[in-house]
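These notes concern the structure reproduced below.
Computed from a predicted model, the values in this text were never measured in an experiment. For the numbers below, each heavy atom of this structure counts, side chains included, while hydrogens, waters and symmetry mates do not.
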Amino acid sequence: MRYRTLNKNWQYNRVYGRGKSYVHPHVVLYVAKNRVGYTRIGLTATKKVGHAIQRNRARRVMRAALSEHLSQNIGGYDIILVARGQTPHLKSTQLSKTMGKLFAKAGLPDLARPVQDAAGKTEAVPGNTP
């Protein structure tokens, strides 16, 4: 596992209160800097999403999409992904495209996005090779 989880209620409340939110019909992304030096992730799906099977599927799809985009060395961020009503009906590849857009909007480094140097050449992100 390349990240740790948010597991205390006050940690979630801190991100909701101080962090920035980025909304999409598929998922909501909350991001806040932290001082611990590593990334912590929280995945939530409320009862508005559906019954337990649908909520579990929503979290599973979000986890799969997140693994394609989250780099191991992005620094100290607290990230919360909140499932919306459409999330359990999506494939992880569809949600991955949405995550790419939200990561770009939030200014987070994205593992799936190629990096451009000063000369305009695109380079692969280190650690992205199989």
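For the pair Thr44 and Tyr12, the tightest heavy-atom approach, listed with the atom from each and the gap, is CG2-CE2, 3.7 Å. Closest approach of Gly19 to Ala32, counting heavy atoms only: CA-CB, 3.8 Å.
The structure places CD1 of Ile79 at 4.0 Å from CD1 of Ile41, a figure rounded to the nearest 0.5 Å. The line from NZ of Lys33 to OG1 of Thr39 is 9.0 Å long, rounded to the nearest 0.5 Å. Rounding to the nearest 0.5 Å places CZ of Arg57 at 12.0 Å from CD1 of Ile53. Between atom OG1 of residue Thr87 and atom CD of residue Gln54 there is a gap of 11.0 Å, rounded to the nearest 0.5 Å. Here the straight-line distance linking atom CG of Leu81 with atom CZ of Arg63 works out to 10.5 Å at 0.5 Å rounding. Here NE2 of His69 is found 11.0 Å from NZ of Lys101. Values are rounded to the nearest 0.5 Å.
Relative ring orientation between Tyr30 and Tyr16 is described as perpendicular, the plane-to-plane angle rising above 60° on a 0-90° scale split at 30° and 60°.
Judged by the 6.0 Å distance and 45° axis criteria, Arg40 is not positioned over the aromatic ring of Tyr77.
No more than 12 heavy atoms of other residues, nucleotides or ligands sit less than 6.0 Å from atom NZ of Lys97.
Judged by distance alone, the side chain of Glu68 and the main-chain N or O of Ala65 form no donor-acceptor pair under 3.5 Å.
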Donor-acceptor pairs under 3.5 angstrom involving side-chain atoms of residues 21-28: please list them, not counting sequence neighbours.
residue : atom : partner : partner atom : Å
His24   : ND1  : His26   : N            : 3.2
His26   : ND1  : Thr98   : OG1          : 3.0
His26   : NE2  : Gln86   : OE1          : 3.3

Report the C-alpha distance between Leu29 and Ile80 in whole Å, list the side-chain angles of each, state the deciding distance to 0.1 Å, and finish with yes or no for side-chain contact (heavy atoms from CB on, under 4.5 Å). CA-CA 6 Å; Leu29 174 72; Ile80 297 176; over 6 Å; no
Going through the checks in order, is the side-chain contact (heavy atoms from CB on, under 4.5 Å) test met by Lys47 and Arg55? CA-CA 7 Å; Lys47 286 189 176 182; Arg55 293 194 306 266; 3.6 Å; yes
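Tested against Asp78, the residues Arg18, Gln11, Arg4, Arg14 include a single side-chain hydrogen bond (donor to acceptor under 3.5 Å, both in side chains) partner, Arg14.
Val82 and Met99 are not part of a single hydrophobic cluster, where members link through side-chain heavy atoms under 4.5 Å apart. Linking ILVMFWY side-chain heavy atoms closer than 4.5 Å, directly or via other members, places Leu66 and Val31 in a single hydrophobic cluster. With hydrophobic clusters built from ILVMFWY side chains whose heavy atoms lie under 4.5 angstrom apart, Val61 shares a cluster with Leu43.
When the side-chain hydrogen bond (donor to acceptor under 3.5 Å, both in side chains) test is applied to Arg59, the partners found at least two apart in sequence or on another chain are Asn56.
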